[in-house]
Amino acid sequence: MAQFFPQNAQSPYGSSAQNLQFYPSSYSTGPVSGHTTPSQAYGAYGSGSAASAYPGAGFGAGFGAPPAVSGRMGEQGGLRTGWLAAFGTEGYDGEPPLLEELGVNFEHIKFKTLTVLNPLARIDQHIMDDSDLAGPMLFFLLFGTFLLFSGKVHFGYIYGLALLGSVSLHIILSLMSPPLPSTTETQDSHDHTDGSGSHFSSTLTFPRSASVLGYCLLPLVMTSSIGILVPMDGPLGYVLTTAAIVWCTYSSSGMFCAVGRMKGMRGLVAYPLALFYVGFGIMGIFSSRGAGKLAAKAAGA
Amino acid sequence: MTDPTAQMGFQVGKSAMMAGHDYVEQNFNRYVNVSALKHYFNVSNSYVLNKLFLVLFPWRHKPWSRQQRLSPNGQEGFFLPPREDINSPDMYIPVMAFVTYILLETLLAGLRGAFHPELLGLTATTAFAVVIIEILGLKFGCYLLSISNESQILDLVAYSGYKFVGIIVTIFLSEVLNGGRGTGGWIGWSIFTYTFLANALFLLRSLKYVLLPENSSDNARGASYTVARAQRNRRTQFLFIYSYVVQLIFMWVLSR
């Protein structure tokens, strides 16, 4: 939600004119196509500076296109011209890099992945404060791709189970987490970062829940990658998938207890998470090569 | 970033977002009483284990009354949350038992070879319908007996969900011991009878304090005492019927 609102708040504020401006003026004989004359159609606010002020809005790449609306009048403020610059990746001055604007932070993703993979790690309660969804989406797509390589196309089921499961798990886990302390007037900024508050008065917001669930899917992703080569329908597959589910549940229950500040509830948290990951495990077992052995056995027995 | 107009735009956007957030929050809290719900989910590992044991073996448990915490001005305060009081009803066990029942029923049907994808929805709908009918019946009964209390209906919903624990045990054990023939046969029915009786006793003991108010904290003596007596009798009958007959019907429906 925090990613969306700056966009919506920004667009009625004056960038509707800019949005209308964006597409036509890119191709008009305006100052865009390389002319560096700072014509002052809209000299009021700096679109370039506004773009860098909203990381993650995603407008940044094309937003400074009409330099007519740049507030920085002193410099030429436009793109560099010439063939080399046309095929280069330079943008306007002071533009943040694309990954930073999109909110994709590879350091954090790596750190959280390593936390999941290490079952003995102590989990810091602020690990999920940035609640990014880029890592989890990557893992879900990887899971679907590995299943695709083993012959079954289950992307729809993955999306459906992930959405349904994360919504219901978020509801029940945020109901289980202790309520936030009620806000008083003497609220300093530290508490603002701590309890951004969902509808259920908890530190678990929906992006955070979805983020934890996605990161902890990693052991199942690895198991499904093994399922490309080895049929998972036999005892080896059952053992591996069960071990992966236990690992997923262990790490996600630890993370939820840390992020949601829950004490003495780890087993209770683990139970619905186990049900959720068993769903994915079933998808992995019955998708790999050699699927159908179980059905044949049941029919024959 | 040093542009003051951009700063102002930033502020406007932020306050718009906060206003929208507060609006949604207010309207949401009007329909769902979040803090009351949170009280029911405030459970701990040991509570859940002990409570599950209690639902299945309620015979020897001694004090069944819920403990209260006195508020600072001496009046009767709030009930203790489930974390601190074994007798307090919670919603975690009923919700989890409900979901587990649906999944287990579907799994057993799959193992029996009678699985089709609609079965999941069918089982869920049946169980949900049973819960809804029971809650409606309870509400109607409370209205007739003039037991009116806001949070009590949530208590009764919680108590009505405990029978799923017994049903899960019944169908699981009868599947394991019966070898695929379900709850037909001697073993299945004896387990069913046992869990039914355990659940009925559990409900009788627990609901005594919910449906029958204490005499001392009630109305004055004298003429109104007989009214209270008649009402007490009616309520006791209602409790008895509810714990035995109603539960029997519903448990049988769900464990077929």
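Convention: sequence-line order gives letters A, B, ...; per-chain numbering from 1.
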Got a sec: does the [atom1] of [X] have more than 12 other heavy atoms crowding it under 6.0 Å?
{"X": "B/Arg205", "atom1": "CZ", "value": "no"}
{"X": "A/Tyr157", "atom1": "OH", "value": "no"}
{"X": "B/Phe172", "atom1": "CZ", "value": "no"}

Kindly compute the distance separating [atom1] ([X]) from [atom2] ([Y]), expressed to the nearest 0.5 Å.
{"X": "B/Tyr92", "Y": "A/Met265", "atom1": "OH", "atom2": "CE", "value": "9.0 Å"}
{"X": "A/Ser202", "Y": "B/Phe41", "atom1": "OG", "atom2": "CZ", "value": "13.0 Å"}
{"X": "A/Met176", "Y": "B/Met91", "atom1": "CE", "atom2": "CE", "value": "13.5 Å"}
{"X": "B/Ser44", "Y": "A/Met262", "atom1": "OG", "atom2": "CE", "value": "13.0 Å"}

Side chain to side chain contact (heavy atoms under 4.5 Å, CB included) partner of B/Val95, the single match among A/Leu175, A/Ile172, A/Ile171: A/Ile172
Structural part of B/Leu103 lying under 4.5 Å from a heavy atom of chain A: side chain
Under 4.5 Å from any heavy atom of chain A - which part of B/Val43: both
Can you say whether A/Leu268 sits under 4.5 Å from chain B via the side chain, the backbone, both, or neither, judging by heavy atoms? both
Exam field: side chain B/Lys38 to backbone A/Ser177, donor-acceptor pair closer than 3.5 Å: yes
